[in-house]
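These notes concern the structure reproduced below.
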Amino acid sequence: MTEELERRFEDTIARDQRLEPRDWVPEGYRKTMIRQISQHAHSEIIGMQPEGNWITRAPSLRRKAILLAKVQDEAGHGLYLYSAAETLGADRTELTEKLISGAQKYSSIFNYPTVTFADVGVIGWLVDGAAICNQVPLCRSSYGPYARGMIRICKEESFHQRQGYELLMTMMRGTEAQREMVQEATNRWWWPSLMMFGPPDADSPNTEQSMAWKIKRHTNDELRQRFVDMSVPQAEALGVTLPDAELSWNAERGHYDFGAIDWDEFKQILKGNGPCNAERIAKRRAAHEDGAWVREAAAAHAAKQRDRERSAA
Ligand code: FAQ
């Protein structure tokens with residue numbers, strides 16, 4: 001029986017079809033999928049904080065409305081993703097516990113501070129740009145609910161990236177001080193954006209199996225290279241310099257060469273020692289605790305509704 005189920009699973013992957021919640025999947029596949037989807041969901045939820053920091057201080061009503069919409073979209077992405085994880089048998093309350101206890105990771109990028117309004121633009125340009133680069137191939141991921149969720153998420157991320165780039169274009173047409181703000185923010189976010197793609201392939205324990213299961217369609221280094229190649233002309237059009245003296249076109253490879261990434265910094269962030277790790281988790285925990293009465297009220301309402309239906313039957 002198990003052999004037959006395994007054969008069907010392998011066959012679905014080989015034929016490039018989607019696995020659905022009703023389908024049998026090996027335990028390793030289920031665990032990997034829950035890990036990736038929940039870490040992704042946590043990233044969207046924690047990812048609301050760096051930009052949320054600027055909502056009350058946006059320089060105009062227009063910028064405030066755009067930023068509010070973007071941050072709200074991120075909450076929505078988190079919710080689609082938690083729902084996708086639930087279809088694999090994960091419990092949302094447990095996932096939240098794992099996030100606020102530090103047992104589960106979220107993206108390294110959200111542990112850096114947002115110190116000027118130019119950070120809002122650079123996050124849209126580089127962080128959403130990197131997210132799109134990583135996530136467009138996930139629209140073809142082998143798990144149906146994740147792949148379908150990713151289609152909508154990528155459409156929204158694309159709007160996010162454009163709003164960031166448009167904000168930076170506006171600032172670059174402004175004063176010298178505004179141009180300096182954009183350059184300074186680019187200097188701070190460039191290297192952390194490259195780290196978003198994960199460790200180098202040689203040090204990535206999950207890539208090989210995830211590629212075999214068609215969860216991931218490209219390796220971390222392939223996507224990182226794609227992002228660098230995409231970003232260089234965008235930086236030129238914007239008029240900013242990317243902070244890497246080794247960045248140069250390699251005609252033989254048909255790609256840009258770039259300098260060494262500081263993987264020690266990445267490891268420190270993953271251990272919880274980044275500039276904002278503690279603050280991000282503390283804020284999320286406080287928001288969760290503050291929301292306890294809402295969850296209790298919703299549960300009480302649902303119980304009352306069930307009682308009413310039972311007595312009417
Ligand atoms: N940060 O073997 P690999 C966004 C962990 S959403 C922290 O290569 P894998 C939207 C990894 O989990 C951004 N941890 O792992 C937005 C694993 O740990 P574990 C999030 C990282 O899974 C924009 C270990 O290192 N996007 O930005 C990171 O095959 C703006 C070994 O790594 C997604 O989650 C990292 N950067 O590949 C929101 C996309 N990289 O669990 C607000 C979906 C690796 O074994 C504002 N996820 N790790 O202990 C993926 O594509 C993959 O999970 C990777 C990692 C590529 C992130």
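Computed over heavy atoms, backbone and side chain alike; hydrogens, waters and symmetry mates excluded. Ligands are counted one by one from 1 in listed order, and the atoms in each one are counted from 1 as well.
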List the closest protein heavy-atom neighbour of atom 55 (C) of ligand 1: residue, atom name, distance to the nearest 0.1 Å. K216 NZ, 4.2 Å

If you scan protein heavy atoms around atom 12 (O) of ligand 1, the nearest is Q39 OE1, 2.6 Å

Out of Q39, M150, H42, which residue meets the side-chain contact (heavy atoms from CB on, under 4.5 Å) rule with L81? M150

Ligand 1 to D128 polar contact by distance, N or O atoms, under 3.5 Å: no

Say whether S204, considering both its backbone and side-chain N or O atoms, lies within less than 3.5 Å of an N or O atom on ligand 1. yes

Answer yes or no: does an N/O atom from R35 fall short of 3.5 Å to an N/O atom of ligand 1? yes

Do N206 and ligand 1 have an N or O pair less than 3.5 Å apart? yes

Please confirm whether M48 comes under 4.0 Å of ligand 1, counting heavy atoms of the residue only. no

Does an N or O anywhere in S43 fall below 3.5 Å from an N or O of ligand 1? no

For atom 18 (O) of ligand 1, find the nearest protein heavy atom and state the residue, atom name and distance (0.1 Å precision). K105 NZ, 3.3 Å

Of the protein's non-hydrogen atoms, which lies at the shortest distance from atom 51 (O) of ligand 1, and what is that distance? N134 ND2, 3.1 Å

Can an N or O of N220 be found at a distance shorter than 3.5 Å from an N or O of ligand 1? yes

Run the contact test for L138 against ligand 1 with a 4.0 Å cut-off on heavy atoms, strictly below, and give the result. yes

Under 4.5 Å between side-chain heavy atoms, hopping through other hydrophobics if needed: is there a path connecting V115 to L126? no

Any nitrogen or oxygen of F266, main chain or side chain, under 3.5 Å from a nitrogen or oxygen of ligand 1? no

Looking only at the aromatic ring of each residue, does the gap between the centers of F227 and W125 stay below 6.0 angstrom? no

May I ask whether K70 places a heavy atom under 4.0 Å from ligand 1? yes

Answer yes or no: does an N/O atom from S210 fall short of 3.5 Å to an N/O atom of ligand 1? no

SB check D128 K70 (cutoff 4.0 Å): yes

Note: ligand 1 atoms sitting under 4.0 Å from heavy atoms of Y146 are 43 (C)

